Structure formats: structure tokens, C-alpha cells
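Worksheet for the structure shown next.
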Amino acid sequence: MFSFSQTLRIPALLRNTSSLRKDVFRCPRFSLVSERSFVGTYKKESEKEYTEFKGEQYFKDDYTNVTPTILGKIGENLHNVPSHPLCLLKERIHACLEGFTHYDSFSPVVKVRDNFDRLLIEPDHPGRSKSDSFFFNRQHMLRTHTTTHELDVYEHRNIDKFTITADVYRRDEIDSSHYPVFHQMECVHLLDRSEIAKNAAHATHHPSKTPAGLVVSDPTSELSKLSESNPIQSEHSIEEVEIVAYQLKATLNHILYQLFAESAGSGDSTLEIRWIEAFFPFTSPSWEVEIFYQGAWLEVLGCGILKQKILDQAGRSNSMGWACGLGLERLAMVLHKIPDIRLFWSKDARFLDQFQASDKTLAIFRPFSKFPPCTRDIAFWCSSLEFEANDLFDLVRDIAGDFVESVSLIDSFVHPKSGRKSMCYRIVYRSMDRNVTNEEINVLQMQLREQVRDRFQVELR
């Protein structure tokens, strides 16, 4: 769970600028008719004692929170759709990784213990909460990161160099850079520890080789000066870590240079990269990597030396290695200058036709329309001060889908006498491919108000 992969930090310039398997409930196209039928269908789905996926029945319990909208995204596999910008980016990264085996078809339903416990993620980590992740029940969930599938490769496939690309699922806010389904790529390289020892005995550590035009700032290169919170593992020698970190940094510097140098817009194919210490539950030492892009530092990936305990429990005690994780949407939005994350899910040919596998140059997104927004507020009193905003966001998505551009809290206060909390959320509706009428939005807003009142037991204002 290289956690930065979902939250995008993009320059101001960029900020301003389904088919589905038949056995899974599908979120409908949005119209006045389908909106009315959708709420009824949602109620029928919620009344079932189980959730069905690929013929399996997952019985509900107090942790069940996966929604029809989220189930409707499963099977889209945008990272495997030819000429889709996410697929093109995946293939560009693959081309930089000689000798790697690539996996991109793991099932998104995983065991909770594989997603968290076996990756040494702390019991109190926020990702374990119902407010942050999607659960079928206490035993099964939708993966929150591609790291969970490393275990399968370690245990069942004799592969030392591989990537894993997949959609991942996290409950999150609604705005132009967040979506509950996004795509990650994991890169892993395992090395035989006996070979590492031989190299350590006959070689000294040298700074990672960098391509001409790549400027690397790495204050973390002296491993003896790493912070106490980012230590070398007790199972590893500093000589071993130097060799593995060398390969890690050389590989990632090469990938980032290939992706960004020609699109930096400077004309001289120069790219600045800096390495920063970080923390991830399953690597140590750990680093984050930033690039200087269009006048600002942009965080692009996280990486580190794999926790030896994870490899040991997977039967790979003789191996040591590194892993990195990156978010495809984050990179694609920056590289192609795509201003809204919802566009990746668009079926509009005016979007999709701008990206072709045969193109030799990096396509820059050309806005094809900007329809006017329609803004509505919803305010209510709630007796509980622990109202979970992600519950509201999921409900908004279930009712209005990708008609919703953003949802933001604009007012909140606690009544001094009653102790009740008042909240007001502003919802911005805007379609990416057509103009929507006030009448359509009014229908959606009315349905939302009714559902908010009934599901959360609040008093509308």
C-alpha cells in the first residue's frame, strides 16, 4: 500500500485546465428513467443476505459496505483496454523493464489477512477501517493495493522480476483527482542472497548510473545516516542493502527519465529527480521519489527494500529484494494533462480517440467541451458527532454516478444546547459529455435527500 498512489499533487496549471460481467450488478447510464429505477434496485441489492461476485456468494456481516456502484466497476480493467491512456502508460513502463514478467489479471477480491496482516500492516492502520476500504465481510474485501498479490507470486510462481498492474479500491472524497477505483503498478525484483554476498565481497558501492540529462538529488545515499524511523533491517547487512538499493534506484531513475524527460517541455530533455526518506509497512529502508515538473515538485512513487519477514513466511528466505508502487492515474493525468480523473472512465470517442497505441509522440489531452456546472447544497442535523463523510460520498456516487464532479463540506457547527451537529455539503453536478438540465439534477437531488434522511437517520434542514 504505497499510500501516495491515490492522492494527486499536480501543478495549478493542470488543476485548472462497461462493459461488465453479466453476473455482477451494473450501474446504469444516467437518465431520468434509470435514476428512478436505480434506487429501487439499490434497495433490493441491499436487502440480500449476500453479495455475489463471479459465482461466489459472500455473506454479509457488520463489515459489509461494498456498493452497487463499486461492483459495477469490476471487470472494466481499463489498464488492459487497448489504446486507453492507462494501458498505454502500463506498456511504456513495461518497455523500460527488461526481463520482467508482467501480471495484470488478478481477481480484485482478496482475503483481509492477505491485504493487511501478511504484509505486516499495523492493527490500527486506517486502511483496515470500514470508512477507508470496501469489505464484502470481515474475511473478504476489495484489494486496496497491488502489493497483496506479491504473496501469490512469491509462493506459487518461480519468478524473481515481475510487475503487477490492477485496479484497486478505496473509499475517498469526491473531486477531480480522487475516485474510489484507481490503478496501481507494482514492480518487484528479488535477488539471491548468496550472489549479493559475493558481490559485496568484491565490490564497493558506487552512485547509481544516470542517463545524460537526468539530475538526481539523493541525500539518502549514505545508508549509515538514515533516520531511526527508516532503518536497515536487522536481517540485512549494510553491504547487502547498498547493492539492492543501487539496483532499485538505477531502475527507477531510468523509468522516470523515459516517462518524463521528453514531455517536460524544457526542450533539452532534462529531468530533475530527488529521493526522500519515507515509511511503508512492508519495506525498510523506504523512499519516495519526486520529480521537478512544470515548475513544481511532484511526488510520483514509493519504494523500498522488502521486509525480510514477508519473504521468509512466503518460503523465499534465500532472497532479498526491492519493490516500488506507482499510481497510473496520477502519472497519466500529468503526462497527458488530463484535468479530471472521471475522464478515464468515459466511453466518449472524443476522449478515447485522442490516444492511440500507434502514436510515436505523447498525446496531450484536448478538451472537447466544458459543460456548465449545476450546484446544490444539502444540510442536515445529526445526533452523532461521528458522522462518516465517506458514507455520504458512496451514497452520492450510487445515486448520481459520474454526474458528480465534487462534494465538499462548506459549513459545520455543534448546537450549544442540543449538542446536535449541523453539516452542509455542496454538490457540484457536471457531465463530461453532455449538458444536464436542472430538472434532471432536481430529481437526483430529491432522491439523495430522501436517502440521506432514511439511511443516516438525520433531520434535513
Side-chain angles (χ1 to χ4, degrees), residues 1-10 14 77-80 84-97 100-104 106 119 127 143-150 153 161-170 172 177-179 181-189 214 216 245 247-261 263-264 271-283 286-293 297-306 321-336 338 341 344 362:
M1 188 188 301
F2 294 98
S3 58
F4 52 83
S5 296
Q6 166 72 327
T7 304
L8 285 85
R9 299 176 186 172
I10 55 180
L14 299 182
N77 295 327
L78 301 182
H79 60 288
N80 291 333
H84 191 282
L86 297 182
C87 183
L88 296 178
L89 177 57
K90 178 191 74 172
E91 292 170 350
R92 291 185 66 198
I93 297 173
H94 286 177
C96 299
L97 295 168
F100 278 66
T101 299
H102 306 296
Y103 300 102
D104 55 19
F106 282 109
L119 294 173
R143 60 185 166 222
T144 62
H145 50 175
T146 48
T147 310
T148 185
H149 299 298
E150 288 183 20
V153 179
K161 300 166 68 175
F162 61 89
T163 68
I164 299 169
T165 307
D167 49 3
V168 298
Y169 301 77
R170 297 183 198 171
D172 215 332
S177 62
H178 292 83
Y179 206 79
V181 188
F182 58 106
H183 296 75
Q184 285 185 341
M185 178 183 288
E186 198 94 359
C187 304
V188 178
H189 187 182
L214 179 61
V216 179
Q247 291 201 10
L248 162 68
K249 293 181 178 183
T251 301
L252 299 188
N253 286 341
H254 171 68
I255 291 174
L256 292 176
Y257 182 77
Q258 294 299 316
L259 290 179
F260 284 95
S263 63
L271 184 68
E272 294 182 62
I273 294 177
R274 67 182 181 189
W275 288 75
I276 301 170
E277 286 193 59
F279 170 80
F280 302 109
F282 33 76
T283 57
S286 302
W287 298 272
E288 289 178 350
V289 186
E290 297 181 341
I291 64 168
F292 193 72
Y293 190 79
W297 285 102
L298 173 70
E299 187 180 314
V300 289
L301 61 84
C303 59
I305 307 300
L306 285 163
W322 59 262
C324 78
L326 47 85
L328 295 186
E329 278 88 349
R330 167 201 293 275
L331 295 176
M333 289 180 77
V334 174
L335 288 168
H336 297 290
I338 296 172
I341 197 169
F344 291 109
L362 191 69

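Computed from a predicted model, the values in this text were never measured in an experiment.
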Kindly indicate, with the supporting measurements, whether the criterion side-chain hydrogen bond (donor to acceptor under 3.5 Å, both in side chains) is fulfilled by Arg143 and His149. CA-CA 9 Å; Arg143 60 185 166 222; His149 299 298; 2.9 Å; yes
Worked verdict on Leu214 versus Val216 for side chain to side chain contact (heavy atoms under 4.5 Å, CB included): CA-CA 6 Å; Leu214 179 61; Val216 179; 3.8 Å; yes
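- Atom-to-atom distance recorded for Asp167:CG and His79:NE2 is 6.0 Å, nearest 0.5 angstrom.
- Distance check, rounded to the nearest 0.5 Å: CD of Glu299 to CD1 of Ile276 gives 7.5 Å.
- Between the OG1 atom in Thr147 and the CD1 atom in Ile164 there is a gap of 8.0 Å [rounded to 0.5 Å].
- Distance OG1/Thr283 to CG/Leu119: 11.0 Å, rounded to 0.5 Å.
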Go through the steps for Ile273 and Leu271 under the test side chain to side chain contact (heavy atoms under 4.5 Å, CB included), then give the verdict. CA-CA 7 Å; Ile273 294 177; Leu271 184 68; 4.1 Å; yes
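- For Thr165 against His94, the heavy-atom pair with the smallest separation is OG1-NE2, 4.2 Å.
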Could you please spell out the steps behind the side chain to side chain contact (heavy atoms under 4.5 Å, CB included) verdict for Leu328 and Ile93? CA-CA 10 Å; Leu328 295 186; Ile93 297 173; 4.2 Å; yes
I'd like to know whether Glu272 forms a side chain to side chain contact (heavy atoms under 4.5 Å, CB included) with Trp297, so could you lay out the CA-CA distance, the side-chain angles of the two residues, the decisive distance to 0.1 Å, and finally the verdict. CA-CA 9 Å; Glu272 294 182 62; Trp297 285 102; 4.1 Å; yes
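- The shortest non-hydrogen separation linking Ala245 to Ile305 is N-CD1, 4.1 Å.
- The CZ atom of Phe260 sits 9.5 Å away from the CG atom of Leu362 when rounded to the nearest 0.5 Å.
- Tested against Glu186, the residues Thr146, Thr148, Thr163 include a single side chain to side chain donor-acceptor pair (under 3.5 Å) partner, Thr146.
- If you take CG on Leu89 and NE2 on His84, they are separated by 11.0 Å, rounding to the nearest 0.5 Å.
- A donor-acceptor contact closer than 3.5 angstrom links the side chains of His183 and Glu329.
- No cation-pi contact links Lys249 to Trp322, judged by a cut-off of 6.0 Å to the six-membered ring centre and 45° from its axis.
- Considering all non-hydrogen atoms of both residues, Ile341 and Ser177 come closest at CD1-O, 3.8 Å.
- What you find for Ala332 and Ile338 is that their closest heavy atoms are O-CD1, 4.2 Å.
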